[in-house]
There are 4 protein chains.
Amino acid sequence: MGSRITDSALYGHLWGTDELRAIFDEPARIGSWLNILAVLARAQAEVGLVPEAAASAIAAHANVELLNLDLVQEEIRTSGHSTLGLIRGLQEVLPPEAQEWVYYGATVQDLTDTWTALVMKQVGAIVWRDLRLIEEVLLDLTERHRDTLMAGRTHGQLASPITFGYKAAGWADEVRRHLHRLREIAARCLVGQLGGGAGSLAFFGDRGLDLRNRFCALLGLNDPVISWTSSRDRVTEFVHLLALVASTLARIGNEVYELQRPEIGELREPAGAGSVGSITMPHKRNPEMSEHLVTLGRLVRSSAGVILEGTVQEHERDGRAWKAEWVAFPEVCLLTGTALQFAHRILAGLEVDQSAMRRNLTGWEVSEKVLSFLAPDVGKHIAQALLQQALAEGGEKGLSVRRSLATSDVIRAHLDPKILESILDGADPGESPQMADEVVARARKQRVTEPELWP
Amino acid sequence: MGSRITDSALYGHLWGTDELRAIFDEPARIGSWLNILAVLARAQAEVGLVPEAAASAIAAHANVELLNLDLVQEEIRTSGHSTLGLIRGLQEVLPPEAQEWVYYGATVQDLTDTWTALVMKQVGAIVWRDLRLIEEVLLDLTERHRDTLMAGRTHGQLASPITFGYKAAGWADEVRRHLHRLREIAARCLVGQLGGGAGSLAFFGDRGLDLRNRFCALLGLNDPVISWTSSRDRVTEFVHLLALVASTLARIGNEVYELQRPEIGELREPAGAGSVGSITMPHKRNPEMSEHLVTLGRLVRSSAGVILEGTVQEHERDGRAWKAEWVAFPEVCLLTGTALQFAHRILAGLEVDQSAMRRNLTGWEVSEKVLSFLAPDVGKHIAQALLQQALAEGGEKGLSVRRSLATSDVIRAHLDPKILESILDGADPGESPQMADEVVARARKQRVTEPELWP
Amino acid sequence: MGSRITDSALYGHLWGTDELRAIFDEPARIGSWLNILAVLARAQAEVGLVPEAAASAIAAHANVELLNLDLVQEEIRTSGHSTLGLIRGLQEVLPPEAQEWVYYGATVQDLTDTWTALVMKQVGAIVWRDLRLIEEVLLDLTERHRDTLMAGRTHGQLASPITFGYKAAGWADEVRRHLHRLREIAARCLVGQLGGGAGSLAFFGDRGLDLRNRFCALLGLNDPVISWTSSRDRVTEFVHLLALVASTLARIGNEVYELQRPEIGELREPAGAGSVGSITMPHKRNPEMSEHLVTLGRLVRSSAGVILEGTVQEHERDGRAWKAEWVAFPEVCLLTGTALQFAHRILAGLEVDQSAMRRNLTGWEVSEKVLSFLAPDVGKHIAQALLQQALAEGGEKGLSVRRSLATSDVIRAHLDPKILESILDGADPGESPQMADEVVARARKQRVTEPELWP
Amino acid sequence: MGSRITDSALYGHLWGTDELRAIFDEPARIGSWLNILAVLARAQAEVGLVPEAAASAIAAHANVELLNLDLVQEEIRTSGHSTLGLIRGLQEVLPPEAQEWVYYGATVQDLTDTWTALVMKQVGAIVWRDLRLIEEVLLDLTERHRDTLMAGRTHGQLASPITFGYKAAGWADEVRRHLHRLREIAARCLVGQLGGGAGSLAFFGDRGLDLRNRFCALLGLNDPVISWTSSRDRVTEFVHLLALVASTLARIGNEVYELQRPEIGELREPAGAGSVGSITMPHKRNPEMSEHLVTLGRLVRSSAGVILEGTVQEHERDGRAWKAEWVAFPEVCLLTGTALQFAHRILAGLEVDQSAMRRNLTGWEVSEKVLSFLAPDVGKHIAQALLQQALAEGGEKGLSVRRSLATSDVIRAHLDPKILESILDGADPGESPQMADEVVARARKQRVTEPELWP
């Protein structure tokens, strides 16, 4: 075992957090399954299907530490059945009078889908918490850098100026939308499953609906109204949201990666004490964590694609799509959760080099402003032509942008020299600060009224 | 031109509907862009940036039929700029005093993103309407077949009985969840874009925020608060929902495809008059439309993947991801909309062969029921072993399932012969009808109170 | 650790084989890395860069069991560097005079890419061997069932007859093409990496090219001519081939799944002793392994997509794409290798129910043949219309296909009753057996001359 | 019609070339189908299945310009059959004695798969030609810039120096591997299809195999040995290669995009006369074509994924996967072909700013070299620590890298000042030029002996 680098002793910290591993590790998963079996027996006792004593005995023994996992493993392999090994393992430790009441009338998906819902509850809570922590950092960055001028960049080229607060506000706003989404989907995702063989509840006679209701209530899940064994939009919706979250974080990571280039030097992810950039080239400081957000984003998207494909299921259960979910769903959760931690670390320690930001405003950024001053009188499209001409003429003389414009006859013919000078001296971020303000104000207001815990 | 089979004269009906084509066809797209330019000028006039007369002239001439499209095309190719051709084309037909006020301070994405929002509004309305039409058909199928017995199937094998109404209700419930989702995302998706060069609104001096507000209001869109040029979660969220919708329809189509197999014969998609299954094999009746839902689902998922990947954008505009959206976003809309039409046609004319459904209940379906009667006394896991034994013994003698159980000593030792007989005579769909009822009741209630039009 | 179900103690056998795990397990991977370091030192000693004694000491201590893995792990986390921990761990166990000569001038990718090439060599050999084993089984099935009549199926509907040998031959031919592909790509994939910092070999002065040559030769790999740190087509090509292989196996698995439906019943995957289909429904025999081939195919495709995306790397090393390869590349190998084992097991024990195949030839299959007899005289398109008419008329009277044709006046008017009768009595698989023969003959011939071991 | 921007009059040049459109445009596709029908009749005449006169008449009338396409379209929609409309359209223009011999015994895939093979032949030839043209440009760039020093970059950070010729050689080598691949796959891809209903050739009696052989030979295709209607690895292999090609071009495009950043300024894609970077910001020169290579790469990968998914087909024909191929396969060809043209234009006019490359060698690049001189005496890992220390100390004093090293006592203690000076003065690209030389030499040699035309 242990052939996945994602669970490697050496590299596992790149692909999971302790908190998430505590949900998905095999003992935890088995433990959760056992707990579901115990709750099922309890609910069955309540509706009169299972003797009270049996339910209590099951609850008392549904503990992964009591089980002989070698036996469980052996039975799984022999039977080729997904849960039979577990059941036999549990039966073995139960008193005889309870043995027959385990997994009473349930089918594998009753167990695994309900587990999935419970996991969505735990993971959703983590995502909610971490997104809010990240939002807090982003709002703080936004405020601190409300007026920190930097070049906007489009197509990788220098464009009109913005402020770094504006950039951070764009991230924060995206994060806030994810928070809204997470609240909206909760009721649809946190839903139990209980149906037996083909989902009809037939095994339970006329107590099926009551039983399902109790079962879900005891687990803190919603009742599904109808079995959803091959209706996977609930899971897919959750995964889609996590993929969106991971993509936002990848976008932030990629931005840091690019702006940390030494030729740009505007941002730098924090370097831990003892961190080593390169062995061969001791000078280097690689944006390892920022890169990693992009990596995680790719892997999450890939697994999300498996989940979406799996929505096209056949009949009342389709093992072909369902088993792929076994692998892809936890992967999405583990990697997105890891990305949230990395992103928080990067943003909380982000080094913002304001002087580099200033330095990269090399004059190009004034053209939109000059244009806006020329346009009303000269006409915008004509102004544009004038500007192109001035810059071309200056360029031929080897002049800088500012110098080209300052000395251009065609420009000076239409623009008061004083105004021109003031434009060339400054960099106008337009309404960047105001937009940032509004993002912050709105978010802060919502943070106060919304619950700290999800759902 | 015309190299895509999706726009083929002969096969185009498989990959688009007239209604959707009327949104995405080039003249319509250009027309919508021109309208956005006219609204921009109007809003600019209202906030005092553009002369009233210019705005009126632009509105009067922003008509695709007035434009010299050859010139537009030529300019696009020469300039390598996405919208310059269009602007020059429009300028050419404008009176001189208006020519300079076109596209005043705007950037390409102000045009294309706002167009995308307007398109989401139109497409969302179609999806809403068609999902509700499909839901209506599904609810009707659910009610009519509330008690129509059929085999449940898991892993492609016969399982416990369900009713066809239960199956249809599962589809209906998925559709209803999509309707809820569509309502939730409206406010986030239907948002305009206006920012100029790098999104800062700097060109518009201190009137930027007012201008954007007016611009959005005139178009019936929400104000974005902050520019979202490289923040694509709004579009991705819409696309994700359409991909979920298309996957649901693919699931339905696939189910019809499988159940239309002659060896099963439970469902048949409607055959049009004059339809020909196969030339070589004249007997055939292919589930062409049902298959096509699966095909469309695959293509939608693929384009949705491009959109999700595009969420990881760089800086304030990233042409690498953005241009891919130009192709993938309309594709998702066109194909999902087509799938909705096909699905409606299939479901509205669906042939349900109740006798075939009955015929396929060949005895296997009773085992869960027998088990449920044996379990309370014998113990469930022991009962299961007994059942296995009885079926194995019967099988060796060449007996049918029912016969094996009816004549099995081990079964008869634990089950009253009368009860056994009644189980073997019937097929118990459990709570399938009740679950179907509740799905219908809930949906009907919501249909009454929700708006007929989206958003 | 252990949060991936793919490495689960209970379910890991579904997602890996012992043989492949022995390649990818962490100790094995670390061991292979250490061996590469030892070979590097050896090659460096040979070209005079490293003292002979140091190289020997490194070789003697490059053993994962000597290392303090806790220290290695700690250093990896502190340094944030991918291999520094390993190096420090190795240094610790080396005699002082060798400590400085470890990882001399190498960079991470020199280690990991060379490891990837070595892994491709091992995995390729397994794929080669297993594909040939599967081919052997398929050729045998083809021969045994050369004349086993069964229905062809198109669009899920019954079509003209084929033989099961023809179907198996189609699979075999696909497998053979994979074998050809595997031989072709070997030279491009089995290539070492050595370049240092940015791939220039500068660290090694004028001995760089010699060193790389020796290094590769000692490892049994080809020299790359130029560093390929960000040129990932070699790896992608290998992965693409494995994805094709996994897709072929998924196609076979899916076919078994469909033909194992009880309503069809033509194929059945082997059931192990003790295997349990369903707990709730004791009668069931699920095609679990066949389904699983489809599942594995999906997951392989998904990871292959990550690798293909990773081909678009930036500069001389791009951590964003490269680290994703760390996860996705082993996944493709592990899952494809598992699929090969499952496929072999399914095919080697495949139950072919010839009588069910016969039974499903319910008359529809004769139409192409009748058509071919009518066509020369009547005209093919007219014949087709006659056939449609005859079948429609028979259908209205409730007649079977054979009966409809046998009693149809329009058919009998154009076809000698004896010929008609002989067509209706038989099912003509056309050249299916001959095509199968040729596939077998060609494959057997190639199997004799090709090497048993790859590459 | 015309709702896809890929076929837009205004933007279509971004998503197709005239040459490729001449293959995929509807009239061309229909024309090719008609030609296949004519060849089929011809081959059938040769083996005695169809009257000679009928075959000649079909050949004479199999011309798209003779057809009433409105009728064809109408029939396609009424019949729901993929080719029936075309056949009826062709029959209508044929003399009565030929009408019945059209499409004699063929099925849709006989037509469409054979067409796909013919298209692969045409597209493969274009890819071969354009890859060789691009290789020529790359070899030339490699030679011209064999010694043009520039910074290597890893993780977006400055690394040891390389030469631009080395970078170009890495691209060239990747292109050469694609050329090898293209030659290898030809025999497997260029294969006809003829089988009738379920692929068995039954319609053609005992002349089936001969007929198929003649049919393929007349079309210049290989005989497939066995029908491959649901065996799509041939098409997928071709698509995989094109996806690799498109990814290589995307990698090149992305590299230009990044190195064209004004802060780096080392490369610039050619600007056409009249090209306009930005309207709002007249100074801008966007790397539009380079970006577009990345965009095209994404879309190609996405469609390639659809093709790979389609490899898992069911039975003897599977409309669900097959129809998706109708869309995705041409898309891959059209977009990859377009990318080849763009890439050639970018590379042929690429502006290489050698002084900017020099300027970006700001000192960091010497560290690996200093390390390599210190290592033999001091020990590599100790040398590394010294270097880190020297740079840290220099950094604190605000010294540049070169200055830090030049004045560092710890460095000077171990390195002869003259040697140190010479290292600091230069930038050593190691064996970059030699590796580039070998790539060029090998490619040139192969270019001479290989055919100019593919296959």
Side-chain angles (χ1 to χ4, degrees), chain A residues 100 104-105 152-155 159-160 162 169-170 173-174 177 184 188 196-198 200-203 208-209 225-226 231 233 236 240 243-244 247-248 250-251 254-255 258 297 301 305 308-309 311-317 319 368-369 372 379-382 428-432 434-435 438-439, chain B residues 100 104-105 152-155 159-160 162 169-170 173-174 177 184 188 196-198 200-203 208-209 225-226 231 233 236 240 243-244 247-248 250-251 254-255 258 297 301 305 308-309 311-317 319 368-369 372 379-382 428-432 434-435 438-439:
Chain A
E100 292 295 320
Y104 192 70
R153 286 176 176 87
T154 58
H155 304 277
S160 297
I162 56 173
D173 211 39
E174 204 166 306
R177 287 193 290 278
E184 289 168 5
R188 282 188 298 269
S200 73
L201 290 161
F203 186 91
L209 293 172
V225 175
I226 189 167
S231 186
D233 59 299
T236 311
H240 269 171
L244 263 188
S247 296
T248 297
R251 181 162 88 93
N254 193 65
E255 193 77 12
E258 293 294 354
R301 279 195 278 113
L308 177 56
E309 182 182 359
T311 308
V312 188
Q313 296 214 351
E314 203 165 287
H315 307 325
E316 281 62 63
R317 176 171 314 137
E368 188 177 11
K369 198 70 195 172
S372 78
K380 199 204 80 161
H381 302 281
I382 292 166
D428 178 7
E431 308 279 11
S432 296
Q434 288 73 20
M435 290 191 254
E438 196 165 345
V439 166
Chain B
E100 292 294 320
Y104 192 71
R153 286 176 177 87
T154 57
H155 303 277
S160 297
I162 55 172
D173 210 40
E174 205 166 306
R177 287 194 291 277
E184 288 167 4
R188 282 188 298 268
S200 74
L201 290 160
F203 186 92
L209 292 172
V225 174
I226 188 166
S231 187
D233 59 300
T236 310
H240 269 171
L244 263 188
S247 296
T248 296
R251 181 163 88 94
N254 192 66
E255 192 78 13
E258 294 293 354
R301 279 194 279 114
L308 177 57
E309 183 181 359
T311 308
V312 188
Q313 295 214 351
E314 204 164 287
H315 305 327
E316 281 61 62
R317 178 171 312 138
E368 189 178 10
K369 199 68 193 173
S372 79
K380 199 204 79 160
H381 302 280
I382 292 166
D428 177 9
E431 309 278 10
S432 298
Q434 287 73 19
M435 290 191 254
E438 195 166 346
V439 166

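Side chains are part of it too, since the values below use all heavy atoms of this structure and drop only hydrogens, waters and symmetry mates. Protein chains get the first letters and strands the later ones, always in sequence-line order, with residue 1 at the start of each.
- For A:Lys380, the parts lying under 4.5 angstrom from a heavy atom of chain B are both the backbone and the side chain.
- Among residues two or more places apart in sequence or in another chain, the side-chain hydrogen bond (donor to acceptor under 3.5 Å, both in side chains) test is passed with B:Arg317 by B:Thr107, B:Gln109.
- Of all heavy-atom pairs between A:Ser247 and B:Val312, the closest is O-CG2, 3.9 Å.
- Chain A forms the most heavy-atom pairs under 4.5 Å with one residue out of B:Gly305, B:Ser200, B:Gly379, and that residue is B:Ser200.
- Taking every heavy atom of both residues into account, A:Gly152 and B:Ala198 meet most closely at CA-CB, 4.2 Å.
- The most heavy-atom pairs under 4.5 Å with chain B, out of A:Ile162, A:Thr248, A:Ile382, A:Thr236, come from A:Ile382.
- Residue A:Gly170 comes nearest to B:Ile226 through the heavy atom pair N-CD1, 3.8 Å, listed as atom of the first residue, atom of the second, then distance.
- Ranked by heavy-atom pairs shorter than 4.5 Å toward chain B, the options A:Ser432, A:Ala243, A:Gly430, A:Ser372 are led by A:Ser372.
- Remark: the B:Arg177 side chain and the A:Ser231 side chain contain an N/O donor-acceptor pair separated by less than 3.5 Å.
- Interface summary for chain B: among A:Glu438, A:Gln313, A:Glu314, the most heavy-atom pairs under 4.5 angstrom belong to A:Glu314.
- Ranked by heavy-atom pairs under 4.5 Å with chain A, the list B:Glu184, B:Glu309, B:Glu368 is led by B:Glu184.
- For chain B, the option among A:Leu201, A:Asp428, A:Val225 with the highest count of heavy-atom pairs below 4.5 Å is A:Val225.
- With a 4.5 angstrom heavy-atom cutoff, B:Leu308 touches chain A via backbone and side-chain atoms both.
- Contact count against chain B (heavy-atom pairs under 4.5 Å) is highest for A:Pro429 among A:Gly196, A:Ala159, A:Pro429.
- Contact annotation for B:Asn254: only side-chain heavy atoms (C-beta onward) come within less than 4.5 Å of a heavy atom of chain A.
- We find the OG1-CZ distance between B:Thr311 and A:Arg301 to be 8.0 Å, quoted to the nearest 0.5 Å.
- Only the side chain of A:Glu255 comes within less than 4.5 Å of a heavy atom in chain B; its backbone stays farther off.
- Interface remark: A:Glu258 contributes side-chain atoms only to the contact with chain B (heavy atom separation under 4.5 Å).
- Heavy atoms closer than 4.5 Å to chain B are found in both the backbone and the side chain of A:Arg153.
- Within the 4.5 angstrom heavy-atom criterion, atoms from both the backbone and the side chain of A:Asp233 approach chain B.
- In this structure A:Thr154 satisfies the side-chain hydrogen bond (donor to acceptor under 3.5 Å, both in side chains) test together with D:Lys284, sequence neighbours excluded.
- For A:Asp173, the part lying near chain B is the side chain, with the backbone staying farther off; criterion is any non-hydrogen pair under 4.5 Å.
- Using a 4.5 Å cut-off on side-chain heavy atoms (C-beta onward), A:Met435 and B:Leu209 make contact.
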